[in-house]
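Please read the structure below before turning to the comments.
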There are 2 protein chains.
Amino acid sequence: MSDWLNEVPWDKDGLVPVITQDYSSGRVLTLAWMNREALAESAASGQAVYWSRSRKKLWKKGEESGHFQKVHEIRVDCDEDVVLLNVEQVGGIACHTGRHNCFFQKYENGAWVETDPVIKAPSEIYK
Amino acid sequence: MSDWLNEVPWDKDGLVPVITQDYSSGRVLTLAWMNREALAESAASGQAVYWSRSRKKLWKKGEESGHFQKVHEIRVDCDEDVVLLNVEQVGGIACHTGRHNCFFQKYENGAWVETDPVIKAPSEIYK
């Protein structure tokens with residue numbers, strides 16, 4: 001049953017990049033990382049679990065904010081070295097800035113311009 | 001005018017990961033990499049240009065296959081260390097296997113299962 005985990009060519013740190021997409025809006029939410037345990041747990045529990053590179057530990061998305069991600073689908077690319085997660089984003093907020101997703105800055109005429117609103121202030125989310 | 005390029009914290013190899021999404025279908029096509037020159041050229045030319053890590057050179061997507069990508073939108077995430085490109089995929093084929101996108105394998109009951117058809121055989125694309 002763990003053959004599918006062995007097919008992923010884990011990098012030198014034992015990680016794989018994970019693109020997470022919102023199932024209903026189709027918007028790309030985040031790019032994060034998983035180790036073997038995080039991918040196995042995401043598949044088994046149906047809730048997104050990543051590897052926090054800064055905190056060096058498993059990170060169940062939403063454990064502090066309540067904005068969990070229900071896994072709808074897990075895909076892997078042709079080289080099997082990138083994972084694509086389709087999720088239902090609880091609360092509609094994936095970014096720590098309180099926005100729907102992390103890609104809220106758009107290139108316009110030589111500058112990055114903020115285009116997406118803060119849905120909930122971080123001070124309200126992380127108490 | 002190049003301040004926006006300086007805002008990207010290029011990694012030790014001078015690269016940034018780039019998620020490319022199809023503008024019309026909303027499907028995630030690929031995860032690739034850009035250096036400073038590739039990002040500048042993608043913005044200036046309106047055609048996606050990446051950095052090939054295997055060939056160690058600029059790689060204009062579609063230069064061999066004819067499947068160019070017309071840049072619709074360029075976004076950057078909250079940390080400005082991931083780029084999201086929204087493109088019109090010429091020919092509807094982004095993957096070197098001849099499929100619409102690279103994420104054609106889906107996790108099902110402990111295995112990766114191919115779900116998306118080959119639109120055009122690679123031998124027909126790369127002559």
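This structure is a prediction, so every number in the text was calculated from the model and none was measured. Here is how names work: the chains are called A, B, and so on, in the same order as the sequence lines, proteins then strands, and each is numbered from 1.
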Report whether [X] and [Y] are members of the same hydrophobic cluster (ILVMFWY, side-chain heavy atoms less than 4.5 Å apart, transitive linking).
X       : Y        : answer
B:Trp59 : A:Val82  : no
A:Val87 : B:Tyr107 : yes
A:Val28 : B:Met34  : no
B:Trp51 : B:Val18  : no
B:Leu84 : B:Val8   : no

Kindly compute the distance separating [atom1] ([X]) from [atom2] ([Y]), expressed to the nearest 0.5 Å.
X       : Y        : atom1 : atom2 : value
A:Leu31 : B:Asp81  : CG    : CG    : 8.0 Å
B:Cys78 : A:Glu114 : SG    : CD    : 10.5 Å
A:Asp79 : B:Cys102 : CG    : SG    : 7.5 Å
A:Gln21 : B:Arg27  : CD    : CZ    : 8.0 Å
B:Thr97 : A:Asp77  : OG1   : CG    : 10.0 Å

**OP:** Mind telling me whether B:Trp4 and A:Trp112 have parallel, tilted or perpendicular rings, with 30° and 60° as the class edges?
**Re:**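 It falls in the perpendicular class, over 60°.
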
**OP:** Heavy-atom distances under 4.5 Å only: say whether A:Asp116 touches chain B with side chain, backbone, both or neither.
**Re:**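 For A:Asp116, the contact with chain B is made by the side chain alone.
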
**OP:** Under 4.5 Å, counting heavy-atom pairs only, tell me which of A:Val83, A:Asn86, A:Thr115, A:Val113 racks up the most with chain B.
**Re:**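 Answer, by heavy-atom pair count under 4.5 Å with chain B: A:Thr115.
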
Original post:
For chain B, which residues of residues 64-75 of chain A have at least one non-hydrogen atom nearer than 4.5 Å to it?
Top reply: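 Those residues of residues 64-75 of chain A which have a heavy atom under 4.5 Å from chain B are A:Glu73, A:Ile74, A:Arg75.
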
Subject >> B:Ser25 versus chain A, the contacting section by heavy-atom distance below 4.5 Å >> reply: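 Answer is neither: B:Ser25 stays 4.5 Å or more from chain A.
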
Original post:
Would you say the side chain of B:Phe103 lies within less than 4.5 Å of the side chain of A:Ile19, judging by non-hydrogen atoms?
Top reply: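 Yes - at least one pair of side-chain heavy atoms lies under 4.5 Å apart.
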
